[in-house]
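Structure first, commentary second.
Bear in mind that the values here come from a model prediction, so they are computed numbers and not experimental data.
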Amino acid sequence: MNTPLEGNFHRLLRWLLGLVLVWAALGKLADLQEFYGALLAYRLPLPGGLLRGSAIVMPWLELLSGLLLLWGRRHPGALAWGLLLFAVFALGTGQAWLRGLDISCGCLDLRLAGVAPGSAAAGWLESARFACLRAVALTAIALHLLRRERAAWAAA
Amino acid sequence: MDSFCSTLVRQAGAILAAALCLGLAYNASSPLGVLSPAAAQPLVTVWPQVKQLLAQSRIDLVDARSAAAFEAGHIPGAVSLPFPELERRIAEFSRQHASTQPLVIYCESLDCPDAHAEATALASRYGYGDVREMPGGYAEWRQAEAGGGARP
């Protein structure tokens, strides 16, 4: 049985995931070519068609999943997509970090948070290292919420 | 499969289907959509942007002028791929530059059509996914970096 405090805490975590997903989606949808360029900069050994498809579909997966998480009704499908997307971001940025690629992660539009492009803060927030650590933390949160959702579903 | 898993799969499938439909429709209607290689037209860029990307090793700079012009002087860091020799040299170029590597192509100046032609060919015929053209070319670089005169 969850206490009200636990319930509020988990609601905040779900809103956090939803907000990050919507934020990430809006920046990408504003300029799909820029996002596609960011994907290419990761130098992943993937076919060009798959990268183009990802650039087209991924922002909408983020937006829809993020909105459903913010909406708040039981949506294990949205949580599952959030988990998968954050895990993919963690892998993508992690390999870039390990390979020492000096890239902009292409994850979040920092202008929406008032951070000037090209500033030292933007460089750090956009670095593969910070993006990887952030994605790992968000993956862990999504996994925790999904497991909790499953337990709540079984108890209902 | 229990009811939780079947609900999860059903919802995830619905989200994916909606994202596919919205993504394809938005991409087709957006002026900043991702183009297929066959329809790709090279994006245009300018030296200050190229300089920054080059310093960060995020692009390969390609000189589309003749080998003789390249020998006489070129932008530091550029590789030579003369447009008239493109078909003969593309195999060697492809071995050294993966199709996922962003490229910026330049030639002599605004009057020179080779950079646009080479950028279009690399994107549409040879599958390079991120090809940009620097229309100001070598003249723009000389004006900005070498005071308009020097030919390193």
### Message
So which atom in B:Gln11 and which in A:Gly77 form the shortest heavy-atom distance, rounded to 0.1 Å?
### Response
OE1-N, 2.9 Å

### Message
Assigning hydrophobic clusters by single linkage (Ile, Leu, Val, Met, Phe, Trp, Tyr; side-chain heavy-atom cutoff under 4.5 Å), is A:Trp15 placed with A:Ile141?
### Response
yes

### Segment of A:Ala78 engaging chain B (4.5 angstrom heavy-atom cut-off)
both

### Message
Please tell me whether A:Leu21 and A:Leu143 are part of a single hydrophobic cluster in this structure, the criterion being side-chain heavy atoms less than 4.5 Å apart.
### Response
yes

## Note on the structure
All heavy atoms of A:Ala80 vs all of B:Leu8, minimum pair found to be CB-CD2, 3.8 Å

### Interchain contact, B:Ala98 with chain A, by part (heavy-atom threshold 4.5 Å)
neither

### Query
B:Val131, B:Val79: one ILVMFWY side-chain cluster at the under-4.5 Å cut-off?
yes

### Message
Please check this pair: side chain of A:Trp81 against backbone of B:Ile15, looking for a donor-acceptor N/O pair closer than 3.5 Å.
### Response
no

### Task
Go through the atoms of A:Leu79 and report whether side chain, backbone, both or neither lie under 4.5 Å from a heavy atom of chain B.
neither

#### Entry: Non-hydrogen side-chain atoms of A:Leu64 and B:Leu22 separated by less than 4.5 Å
yes

### Query
Are A:Trp60 and A:Leu19 connected in the hydrophobic side-chain network, where two residues link if heavy atoms are under 4.5 Å apart?
yes

### Query
Which distance, rounded to the nearest 0.5 Å, do you find between the CG of A:Leu61 and the CG of B:Leu20?
7.5 Å

### B:Tyr26 side chain reached by A:Leu32 side chain, heavy atoms, under 4.5 Å
yes

### Query
How about B:Asp2 and A:Arg150: do any of their side-chain heavy atoms sit closer than 4.5 Å?
yes

### Query
What part of A:Glu62 lies closer than 4.5 angstrom to a heavy atom of chain B: side chain, backbone, both or neither?
neither

### Query
For atom CZ of A:Arg129, is the number of surrounding heavy atoms from other residues, nucleotides or ligands below 6.0 Å larger than 12?
no

### Same apolar cluster: A:Leu16 and A:Val22, side chain cutoff 4.5 Å
yes

### Message
Quick check on A:Leu5: does its CG atom have over 12 non-hydrogen neighbours (other residues, nucleotides or ligands) under 6.0 Å away?
### Response
no

### 4.5 Å side-chain heavy-atom contact, A:Leu146 and B:Phe4
yes

### Task
Check whether more than 12 heavy atoms from other residues, nucleotides or ligands sit under 6.0 Å from atom CD of B:Glu87, and answer yes or no.
no

